[in-house]
Visitor: 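Have a look at this one.
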Number of protein chains: 2
Amino acid sequence: MFSIGELSKRTKVKVPTIRYYEEMGLLPEAERTTGNQRRYDKAGLERLSFIRHARDLGFSIEAISSLIKLQDHPDRSCEAATDIATSQLEEVRAKIKRLRTLEKELSRISKGCDGEGVAGDCYVLASLADHNLCDREH
Amino acid sequence: MFSIGELSKRTKVKVPTIRYYEEMGLLPEAERTTGNQRRYDKAGLERLSFIRHARDLGFSIEAISSLIKLQDHPDRSCEAATDIATSQLEEVRAKIKRLRTLEKELSRISKGCDGEGVAGDCYVLASLADHNLCDREH
DNA sequence: TCTTGAACCTCTAGTCACTAGAGAGATTAC
DNA sequence: GTAATCTCTCTAGTGACTAGAGGTTCAAGA
């Protein structure tokens, strides 16, 4: 059994974040010492690692909550899990697409001004003021 | 002179968002009718268009605030503007990079399970539980 | 001119996933 | 025993809005 600080070190999840996850129901309520401090074991460590990994991959707390429920019922169909992962993948792809458009636009705008003139003649400011100077929709 | 609703229609920025921008100091305090309703003119429209365009490109409220200050002083050097645009571009590129890694990982995980088995055997859940199943760092 | 209904006002609180800080109590090492 | 470090709960703040309550004003038609 180890403390919340120890769990934090091992998982690289900050202490207040661990408490937050508990409050959100992602982690079960931890056992306590007589002095009311949380104590964890291997199971707690594994669950928190799962959560952290899923968060790193961009899953929302809500999605993780669903995934955990599935984990706790290994006999149920895993269709929901693949659905969640697939829609997460779609979201990531959509974000990439959008960011690529922004990248092109920003890169074009940045190249338009070397930063040596005055604000009144700045192509960056002009581009932001006038959408018509843009190449494409965004 | 037109109302906040009209301004909203023309710029496609929602009414509460316009009020929020005013509160944040991005928009100057609007003129009011005797009945205390906001009225806008062409200048207000242009400034809000600027803000919306910059937001669409992912600039933060703070960054936009700096850009607006520059706009209001056309005699100052525009170095700050190009700096802001460049660092925004860098951020966007960093985000894309990170999302690409996630995309690869999620795609690999999703492919590992067709959703037809049970949760106990699900590769999606197993991958999330065990970082060692990952191809690369993320 | 009166009435109706849409648009407007302010204010508070909620969103997401944490993060920061206060003030008090617990644990651990020496 | 004492000092240093950890931990506890609670509240409030972050960014960029969004939602809703409860009340007021405006514009158009009768």
Side-chain angles (χ1 to χ4, degrees), chain A residues 1-27 29-41 44 47-48 50-68 84 87-88 91-92 95 98 102, chain B residues 1-27 29-41 44 47-48 50-68 84 87-88 91-92 95 98 102:
Chain A
M1 301 290 278
F2 40 87
S3 70
I4 196 167
E6 182 63 27
L7 183 63
S8 169
K9 252 186 229 160
R10 293 202 203 180
T11 56
K12 276 155 204 154
V13 175
K14 285 178 191 160
V15 168
T17 305
I18 297 174
R19 289 197 275 249
Y20 170 76
Y21 287 159
E22 181 182 312
E23 204 187 358
M24 291 300 103
L26 290 191
L27 289 171
E29 290 196 16
E31 282 181 52
R32 304 281 185 139
T33 63
T34 48
N36 200 34
Q37 297 196 355
R38 290 171 180 82
R39 285 300 111 107
Y40 298 90
D41 58 7
R47 170 154 291 187
L48 185 53
F50 177 93
I51 295 168
R52 174 165 151 78
H53 193 187
R55 284 293 302 134
D56 278 352
L57 287 166
F59 289 87
S60 70
I61 298 280
E62 207 194 333
I64 295 172
S65 190
S66 307
L67 291 170
I68 281 174
I84 291 169
S87 79
Q88 175 63 18
E91 266 175 51
V92 167
K95 271 187 201 158
R98 185 169 151 69
L102 291 190
Chain B
M1 301 290 277
F2 40 87
S3 71
I4 196 168
E6 181 64 27
L7 182 64
S8 169
K9 252 185 227 158
R10 293 201 203 179
T11 55
K12 274 154 204 154
V13 176
K14 286 179 190 157
V15 169
T17 306
I18 297 174
R19 289 197 274 250
Y20 170 75
Y21 287 161
E22 182 182 311
E23 205 186 359
M24 292 300 103
L26 289 193
L27 289 171
E29 290 197 14
E31 283 182 51
R32 303 283 184 138
T33 63
T34 47
N36 200 33
Q37 297 196 356
R38 290 171 179 82
R39 285 299 112 107
Y40 297 90
D41 58 8
R47 170 155 290 187
L48 185 53
F50 177 93
I51 295 168
R52 174 165 151 77
H53 193 185
R55 284 292 302 134
D56 278 352
L57 288 166
F59 290 86
S60 70
I61 297 281
E62 207 194 333
I64 296 173
S65 191
S66 307
L67 291 170
I68 282 175
I84 291 169
S87 81
Q88 176 62 18
E91 265 175 49
V92 167
K95 271 188 200 158
R98 183 168 153 70
L102 291 191

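So that the names make sense, note that chain A is the first sequence line, chain B the second, and so on, each numbered from 1.
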Visitor: From the options Glu29(B), Glu31(B), Glu22(B), select the one residue that forms a side-chain hydrogen bond (donor to acceptor under 3.5 Å, both in side chains) with Arg38(B).
Guide: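 By the side-chain hydrogen bond (donor to acceptor under 3.5 Å, both in side chains) criterion, Arg38(B) pairs with just one of Glu29(B), Glu31(B), Glu22(B): Glu22(B).
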Visitor: Show each protein N/O and nucleotides 24-26 of chain D N/O combination with a separation under 3.5 Å, one pair to a line.
Guide:
residue	atom	partner	partner atom	Å
dC26(D)	OP1	Thr33(B)	OG1	3.0
dC26(D)	OP1	Gly35(B)	N	3.2

Visitor: Rounded to whole Å, please give me the gap between CD in Glu23(B) and C1' in dC17(D).
Guide: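 Computing the Glu23(B):CD to dC17(D):C1' distance gives 11 Å.
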Visitor: Closest heavy-atom contact between Arg52(A) and Thr11(A)?
Guide: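 Minimum heavy-atom contact is CD-O, 2.9 Å.
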Visitor: So, for Gly5(B) and Val15(B), which heavy atoms are closest and what is the spacing to 0.1 Å?
Guide: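 Heavy atoms only, the tightest pair is CA-CG2, 4.1 Å.
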Visitor: Does any pair with a residue in residues 8-21 of chain B pass salt bridge (Lys or Arg N to Asp or Glu O under 4.0 Å), and if so which ones, sequence neighbours excluded?
Guide: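 Counting only pairs at least two positions apart or across chains, the salt bridge (Lys or Arg N to Asp or Glu O under 4.0 Å) contacts touching residues 8-21 of chain B are Glu6(B)-Arg10(B).
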Visitor: Going by the rule side-chain contact (heavy atoms from CB on, under 4.5 Å), which residues pair with Ser60(A) if we only count those two or more places apart in sequence or in a different chain?
Guide: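 With sequence neighbours excluded, Ser60(A) shows a side-chain contact (heavy atoms from CB on, under 4.5 Å) to Glu62(A), Ala63(A), given in chain and number order.
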Visitor: For residues Ser8(A) and Val13(A), report the shortest heavy-atom separation together with the two atoms involved.
Guide: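 Nearest pair, atom of Ser8(A) first, then Val13(A): OG-O, 2.8 Å.
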Visitor: Search all heavy atoms of Asp41(A) against all heavy atoms of Met1(A) and return the closest pair with its distance.
Guide: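 For Asp41(A) and Met1(A), the tightest heavy-atom pair comes out as CB-SD, 3.9 Å.
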Visitor: At their closest point, which heavy atom of Ile61(A) faces which heavy atom of Tyr21(A), and how far apart are they?
Guide: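 Nearest heavy atoms, Ile61(A) then Tyr21(A): CD1-CE2, 3.7 Å.
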Visitor: Are Ile51(B) and Ile68(B) side-chain neighbours, meaning at least one heavy-atom pair lies under 4.5 Å?
Guide: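 Touching, per the 4.5 Å side-chain cut-off.
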Visitor: Considering only heavy atoms of chain A and a distance under 4.0 Å, specify the first and last nucleotide of DNA chain C in 5' to 3' order that meet this criterion.
Guide: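 Footprint of chain A along DNA chain C, 5' to 3': dA17(C) to dT27(C).
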Visitor: Could you work out, with side-chain contact (heavy atoms from CB on, under 4.5 Å) as the rule, every residue matching Ser65(A), not counting sequence neighbours?
Guide: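 If we apply the side-chain contact (heavy atoms from CB on, under 4.5 Å) test to Ser65(A), skipping adjacent residues, the hits are Leu26(A), Lys69(A).
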Visitor: Distance check needed: dA16(D) P versus Leu27(B) CG, whole Å only.
Guide: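 After rounding, the reported distance stands at 15 Å.
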Visitor: For DNA chain C, which residues in residues 9-22 of chain B have a heavy atom at a distance below 4.0 Å?
Guide: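 Arg19(B), in order of number.
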